[in-house]
Amino acid sequence: MKQKLTSSLQIILLLALTAVSLTGQSYPGKPKIIRCRSLEKETFSCWWKPGSDGGLPTNYTLFYSRDSEEEIYECPDYRTSGPNSCYFDTNHTTPWTTYNITVMATNEIGSNSSDPQYVDVTSIVQPDAPVNLSLETKTSANTMYLWAKWSPPPLADARANSHVYHYELRLKPGEKEEWETISVGVQTQYKVIRLQAGAKYVVQVRCMLDLGEWSEWSSERRIQIPNGESPPGKPTIIKCRSPEKETFTCWWKPGSDGGHPTNYTLLYSKEGEEQVYECPDYRTAGPNSCYFDKKHTSFWTIYNITVRATNEMGSNFSDPHYVDVTYIVQPDPPVNVTLELKKPMNRKPYLVLTWSPPPLADVRSGWLTLEYELRLKPEEGEEWETIFVGQQTQYKMFSLNPGKKYIVQIHCKPDHHGSWSEWSSEKYIQIPTDFRVKDMVVWIIVGVLSSLICLIMSWTMVLKGYRMIAFILPPVPGPKIKGIDTHLLETGKSEELLSALGCHGFPPTSDCEELLIEYLEVEDSEDQHLMPSHDSGHPSKNTKMISKETDSDSGRGSCDSPSLLSEKCRECRTLSSTLQTQDVRDVQESTGGKTSWETQCIASEQKILLLNNETTKSSTWPAAQLPNTQPPMFAYHSTVDAHKITLNTANVNIAPVLVGNEEKRQSQYPITETVHNNMEKQREMENLHSKTDQTTAQVKQNRPNDKSPFLNPKLMDYVEVHKVRQDEQAVLLKHKENSGKTEKYTVPGTSKEYTKVSTVVDHNIIVLMPDSCIQHTSVSQEPAMETSPNLQQGRAEKNMSYCLTAPSECKRETSGSEYMDPSSFMPSFK
Amino acid sequence: CHTSGMLTPNGKEYAQKIPREELTHLILKLLQAWKEPLSHFNQHHQELPDDSLSKAKQISSMVHELKTGVEKSMGIISNSLNGMTPSEAAGLSISNEANMMSDSDFIHCFRRDSNKVQSYLKILKCRIMPENSC
């Protein structure tokens, strides 16, 4: 609501004003009297400010009355004091009276009058500011002061101004804010004393009549105070130096000069003398210096030096400075710094840096000896590396990086007390980089070649990966026995198998008997490592030998029938016995007429270890086993021999020995051979019959006479061939019989033996593939194992494998049931 | 300094002007003059810390060795001189005075005199054997 009211009011006013303005006519606005002022108490003026003029020409009239009189007068003079003013001259001015002044503005329409103003002349007196202010500095009696002069304010009428004004002066240093006001009195000049030397001052004056107000401040005046004059400040001696230990110079620093030109003099005296001298030369070394030439320089004496500063005001001395020239030597930097690149043969190039001592230093006479030090850094580096060189004037630099830019500087110092010179100007070294290029080329070539090689290798790997793997790690071939019908093997019928093998009268006939106890030790040559570290090579030694152990199952297709074998088992014939048919027989007889044929996989060539030197033979056995006819023959012989030997000596590791029977047999027959120490060799025999279908081949172990455990009796054990698998692996079941022998044969994991028949050698020798051969491990454990290891080791033929039959006691009996005793096949074995 | 009474060249030119024999003689005189004061110093300053004491002894022995060395190397020269005895005598009388110096003066004087000896010897060396780093 209010808003609406106000707005409506405004609208009305606006309308009125516009009406007015449109019409443009109204009565004038109210004037206002601004002020009245009297300059000197005898005249005064009043000024007013007009109000709005109402659009029409307006006249202003000033009316006044005095005191309480009623008469109203009009302004006598509108002009003198300017527009909108009224000037009351002396006639119209009455002091000590109060004027009542109003101004009326009149135009055609109407008039308007101002508020009345009561004015008493005496109270409105204010003079003008003084004029012509001048400043001056003067010095008297060692002090500086400021003279200020001015003139009183001018008045309108030309009459000499007889008024007496009081003046006031103020000043301040240019930078400060606060004024210092000084009452001057009636003088039109003033002397300011307390001045800051060297400061700029600003000065103003004003005046006042005896009554009334102060005038305005006059305009500013500025002045610069010069430095105060005083005796000079104390100079100080900076340093004294001798560049070559023959002359020296001293420098000093002046103190304040006290505003006057100052003279400096240097005075010195020598140690032990009273006389004071003055500096001989002020010029040579520059301003504020003194140069002592050779004549005036004495060494090993202390100089007492002072500097005196003098000016008009006085003088001042510096502190004394004691100096012995010997100790103040500071040479100039070395000169003629040169670099030379030397390229000796067969060595890396190096830099030789040479320089000369500074020209003034007299090094030749030995009066001054200099030591040098150089510093260098790579151009972009931050830290300098400082190298002390000593008294020589050259330096060889070897260890700089090629291709980089170095900065090098040298300085020197006397070898005794003294100080280091300035560093010589910078010298740049650029190391040539030529040989570096060669390095890069070499590296590039190497990189390219190696990447090529990598590419080729990866390519070949990709393409022929398998082949390569095969090349490196050839697979173990399966047994390939000619003439064996795998099916037959699979069927597992022993009779058929045997018949297939062509062993008609399997159980060996007389032949067999004769040969008899040939134990084929099958050793797994490849598992030599499994063998204990029996030294396989004791060819000379009877005991160990060869065949390491017959770990591999001995493929023994012994001519013996299983029954026979079983019988033999008891015997534990030594190989020797087996070797010889006769022996066998003997053995048999000795053992009760058992001979066991054992087939062995012959693996190790070394197997045949004859007690005596037959080793050779025995060792050849394995070789023989290789598809060669030899072995069998050999076997026979060897067996014979072996037998003999065994008879003689104790342990022999007998390589697989061919059982004579075997000879007859097809190679398919597993041949058992054992070269055996007749004594108590115990041998493990392994039986391998991969050939024989899957019949279980009995592996019989010839048991040598148990009695005497020989060193390496090889135990021929009967090993049961568990079955022959299709892939011509004969699974041998190894029995480990604890015959109570001292030797222990462990049959680690020999529960099953797998052997593959690798080849059938000639007559009735089946060479079995070495099996994983747990067996030989077992065998190896025997001390008698040597044989087996030997056997194994000797085995070159990879194909040869023997499974070592776990030595077992002649457990033929025990295992009997599982054995397939070849002898059983032979109805009339024995 | 107790050796201040000795007339020694005060500058390079003077030192170069002196004939070699005389310079050698001077050197030996100086060294001789310090022999006794040094030993006296060592005797009477046992309260110094060990390293200072050993240093002082070292200096004494060095001075002695230097004197011997100079005598030997200049043997050809000094043979002609029979001034050894007088110098020794002079040294003795001087050294009495030296014993009364304060420590700081003692060290100051010794430093100066050793510097003198060094400079003279160097001049001598370069005069006799100019090719060796002179």
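Throughout, protein chains are lettered first and strands after them, A, B, ... in sequence-line order, and every chain is numbered starting at 1.
- Using a 4.5 Å heavy-atom threshold, the side chains of A:Y327 and B:R112 count as touching.
- Of the two parts of A:L370, neither the backbone nor the side chain holds a non-hydrogen atom closer than 4.5 Å to a non-hydrogen atom of chain B.
- If you measure heavy-atom distances from B:Y14 to chain A, you find no contacts under 4.5 Å at all.
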Intermediate values then yes/no, salt bridge (Lys or Arg N to Asp or Glu O under 4.0 Å), A:D319 and A:K234: CA-CA 8 Å; A:D319 291 332; A:K234 193 166 160 179; 3.0 Å; yes
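- Chain B forms the most heavy-atom pairs under 4.5 Å with one residue out of A:L368, A:T393, A:T326, A:D362, and that residue is A:D362.
- Within the 4.5 angstrom heavy-atom criterion, only side-chain atoms of A:E271, from C-beta onward, approach chain B.
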Side chain to side chain donor-acceptor pair (under 3.5 Å) between A:S365 and B:K12, intermediate numbers included: CA-CA 9 Å; A:S365 67; B:K12 184 179 90 167; 4.6 Å; no
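- A:W367 has its ring centre no less than 6.0 Å from the ring centre of B:Y120.
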